[in-house]
S.K.: 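Sharing a structure here in structure tokens format.
A note on names: the letters A, B, ... follow the listed sequences, proteins ahead of strands, and every chain is numbered from 1.
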Number of protein chains: 2
Amino acid sequence: MTASASSRLSIDDWTERALALLMDEGVGAIKINRLCRELGVTKGSFYWHFADLDAFLAAIAEKWCAETREALSGLSELHALPPLERIRAMALRLIDDRSWSVERALREWAKDDAKVAVVIVEADQFVFELVQAALLELGHSAQDARLRAGLLVYAGIGFAHGQASLPQPTADDIENLITFLSSEAQP
Amino acid sequence: MTASASSRLSIDDWTERALALLMDEGVGAIKINRLCRELGVTKGSFYWHFADLDAFLAAIAEKWCAETREALSGLSELHALPPLERIRAMALRLIDDRSWSVERALREWAKDDAKVAVVIVEADQFVFELVQAALLELGHSAQDARLRAGLLVYAGIGFAHGQASLPQPTADDIENLITFLSSEAQP
DNA sequence: GGCTGACCATACCTTAGGGTATGGAGTTAT
DNA sequence: ATAACTCCATACCCTAAGGTATGGTCAGCC
């Protein structure tokens, strides 16, 4: 999986390596020469597979978008679970370590790439609507569900971007958070 | 205020212009040549005032840090207000339009500059502790205050980074949010 | 065996942007 | 007024990084 069996490279070999780089060091680390070095190849290879840097970045975006959309559709099966479980799944997902670097790198990238921005929005919307629906199912008012779902999603985004400046939530905190978010509204 | 009266430039003229650029287009837009053009000057001037780019960025960071620290200490006088008002002030600050671009640009910059990162953390902590203290004053448990204050601050950070993907909170939403955050804990 | 096309190496060009050396104009001190 | 200092213009250099042109190598096919 780390490298294809063939000595020749495929488009996926390039985009895969670039995505790894993107996660680790941000979009600024994607340099043609560097990728060539890491893949044991020269620019001749790169420009055979891709017209230019923009085309390459577009290919990377495309690959990531596809992967993300697939991951999201995988989450759709959560509809079978009870509402609270769905919210818990989303909350845990927002806390997941692996998401951090992806989040930060991609949102930074989305600033320059409309296509990436669209998928970011899609992902946010997906989580938001899922939580909102769960809260509605629990009997909350429309306004209440909207507010609380928005709060959770925004907090998740913020958590990904905070530089560990604030106390990291524990598993207990998550439980309390869910309890709080699903608590009855007071008049 | 837009330009100093003298035809000669001061260090503040440079850092001020750079900060404006930083807010508008991010740290990547800070180029020496461009700043020279916008200030109607050449690189000879720049390198008289600053040793190199790093020194310049350090000066910018220093200026922004000073300004931010001052703004934070200005907020300290909120201690006189009742708890709910303090929370409202913080919530409104997190929503403030002007904060967005600053937030995003600076957090991106903080990734590379430890000094900037420190002040970002300070600012986050400041708001967090203020909200937490207000909640404690309102009779919430330590755990509860920590959870809710963290939720608000993280949501604020997330709001600054979200690409307007989710519904923008209205003034009403803020009021409901404060009511929710300060609502009694349920057993 | 030789041909063809996929895949890559080598060498080079070009631009952007940081950095330097030097001189000149304006100001201030003596 | 002239020496000295401040502030800036001009003209360079250097490097990184995207991009191109061209030739070479290996696989598979006839």
S.K.: Please evaluate residues B:D12 and B:R17 with respect to the criterion salt bridge (Lys or Arg N to Asp or Glu O under 4.0 Å), reporting the C-alpha separation (whole Å), side-chain torsions for both, the decisive distance (0.1 Å), and the verdict.
M.R.: CA-CA 8 Å; B:D12 269 351; B:R17 194 86 193 75; over 6 Å; no

S.K.: Working to the nearest 0.5 Å, report the span between NZ of B:K31 and CG of B:L21.
M.R.: 10.0 Å

S.K.: I'd like to know whether A:R8 forms a salt bridge (Lys or Arg N to Asp or Glu O under 4.0 Å) with A:D13, so could you lay out the CA-CA distance, the side-chain angles of the two residues, the decisive distance to 0.1 Å, and finally the verdict.
M.R.: CA-CA 10 Å; A:R8 299 304 184 80; A:D13 291 323; over 6 Å; no

S.K.: With a 4.0 Å cut-off, would you call A:K111 and A:E108 a salt bridge?
M.R.: no

S.K.: What's the verdict on side-chain contact (heavy atoms from CB on, under 4.5 Å) for B:S183 and B:R148, showing C-alpha distance, side-chain angles and the deciding distance?
M.R.: CA-CA 10 Å; B:S183 68; B:R148 299 186 184 195; 3.7 Å; yes

S.K.: Grab the CG-C1' distance between A:L35 and C:dC8 for me, whole Å please.
M.R.: 16 Å

S.K.: So where does chain A start and stop touching DNA chain D, 5' to 3', when the test is distance under 4.0 Å to a non-hydrogen atom?
M.R.: D:dA17 to D:dT20

S.K.: Among residues 42-57 of chain B, which residues get a heavy atom nearer than 4.0 Å to DNA chain D?
M.R.: B:T42, B:G44, B:S45, B:W48, B:H49

S.K.: Would A:R146 and A:E129 pass as an ion pair if we require N to O under 4.0 Å?
M.R.: no

S.K.: Give the rounded distance in Å between these two atoms: CZ of A:R37 and P of C:dA9.
M.R.: 14 Å

S.K.: Can you check whether A:Y154 and B:Y154 have ring centres sitting under 6.0 Å from each other?
M.R.: no

S.K.: Whole angstroms only, please: what is the CZ-P distance between A:R8 and C:dA6?
M.R.: 11 Å

S.K.: Can you confirm whether the side chains of B:T179 and B:N176 place a donor and an acceptor under 3.5 Å from each other?
M.R.: no

